[in-house]
Amino acid sequence: MNDVVQRRTILFRTAEGTKLVSAAINNHVVFEVDDHNVAGGWGVIVRGTARSLRTDEDIEDAERAQVLSWTTVDKTHYARVIPEMVTGRRI
């Protein structure tokens with residue numbers, strides 16, 4: 001999955017599969033991102049509502065964010081998470 005923050009929402013691009021099906025069945029989601037460097041690490045958890053992008057206008061808007069894939073897998077589906085609660089920590 002590849003993601004960016006766009007206008008205070010999380011936009012992600014994914015292939016067909018579990019993430020996409022799960023977001024369609026239950027639009028209440030938890031999104032987590034973590035990273036680290038030599039000085040320490042951090043994690044952010046976003047609870048919110050997800051929706052698949054289906055209209056041409058929404059997809060064109062998402063494509064302007066240039067969510068680029070790290071792999072050669074064809075990731076043709078976009079979804080957006082609208083945050084309701086954000087928490088995080090540094091370690």
Side-chain angles (χ1 to χ4, degrees):
M1 184 170 71
N2 305 98
D3 57 86
V4 298
V5 174
Q6 185 185 47
R7 288 186 312 281
R8 300 179 63 98
T9 68
I10 298 168
L11 174 67
F12 68 89
R13 185 176 181 169
T14 188
E16 285 189 29
T18 344
K19 288 182 285 290
L20 193 60
V21 170
S22 294
I25 291 171
N26 181 5
N27 64 349
H28 296 290
V29 298
V30 175
F31 185 90
E32 181 176 359
V33 63
D34 305 299
D35 201 2
H36 70 281
N37 59 29
V38 295
W42 55 265
V44 175
I45 297 173
V46 176
R47 290 173 180 9
T49 304
R51 67 178 183 89
S52 294
L53 304 186
R54 292 198 162 79
T55 68
D56 290 342
E57 182 181 352
D58 284 345
I59 292 169
E60 288 170 8
D61 182 46
E63 287 176 346
R64 284 192 288 277
Q66 297 186 6
V67 185
L68 304 175
S69 179
W70 295 6
T71 67
T72 57
V73 175
D74 196 19
K75 297 182 178 183
T76 58
H77 301 281
Y78 288 98
R80 188 175 300 282
V81 177
I82 299 150
E84 295 166 6
M85 182 169 53
V86 179
T87 59
R89 68 180 184 151
R90 264 187 210 281
I91 49 174

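Heads up: numbering here begins at 1 and tracks the sequence.
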- Task: Quick one: pull up CZ in R13 and CD1 in I59 and give me the separation to the nearest 0.5 Å.
- Result: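 Between R13 CZ and I59 CD1, I get 10.5 Å after rounding to 0.5 Å.
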
- Message: I need the minimum non-hydrogen distance between A62 and L53, along with the two atoms involved.
- Response: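 Shortest heavy-atom contact: CB-CD1, 3.7 Å.
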
- Message: Taking V5 as the starting point, is it possible to reach W42 by hopping between hydrophobic residues whose side chains are less than 4.5 Å apart?
- Response: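 Result: no, two separate clusters.
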
- Item | side chain to side chain donor-acceptor pair (under 3.5 Å) contacts in which one or both residues fall within residues 29-41, not counting sequence neighbours |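 Non-adjacent pairs meeting side chain to side chain donor-acceptor pair (under 3.5 Å): zero.
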
Taking only distance into account, with no hydrogens and no angle test, what donor-acceptor pairs under 3.5 Å do side-chain atoms of residues 83-91 form with protein atoms, sequence neighbours excluded?
{"unit_1": "E84", "atom_1": "OE2", "unit_2": "T49", "atom_2": "OG1", "d": "2.5"}

- Partner set under side chain to side chain contact (heavy atoms under 4.5 Å, CB included) for E60, not counting sequence neighbours: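 Scan of E60 (side chain to side chain contact (heavy atoms under 4.5 Å, CB included), adjacent residues dropped) gives D56, R64.
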
- Message: Here's a test for you: under side chain to side chain contact (heavy atoms under 4.5 Å, CB included), which of I10, N27, V30, L11 qualifies with V81?
- Response: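 Only one option passes, and that is I10.
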
- Task: Please step through side chain to side chain contact (heavy atoms under 4.5 Å, CB included) for the pair F31 and V44, ending with a clear verdict.
- Result: CA-CA 8 Å; F31 185 90; V44 175; over 6 Å; no

- Message: Tell me every residue that passes salt bridge (Lys or Arg N to Asp or Glu O under 4.0 Å) with R8, counting only those two or more places apart in sequence or in another chain.
- Response: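 By the salt bridge (Lys or Arg N to Asp or Glu O under 4.0 Å) rule, R8 matches no residue at all.
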
- side-chain hydrogen bond (donor to acceptor under 3.5 Å, both in side chains) involving Q6 - partner list, sequence neighbours excluded: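 R80.
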
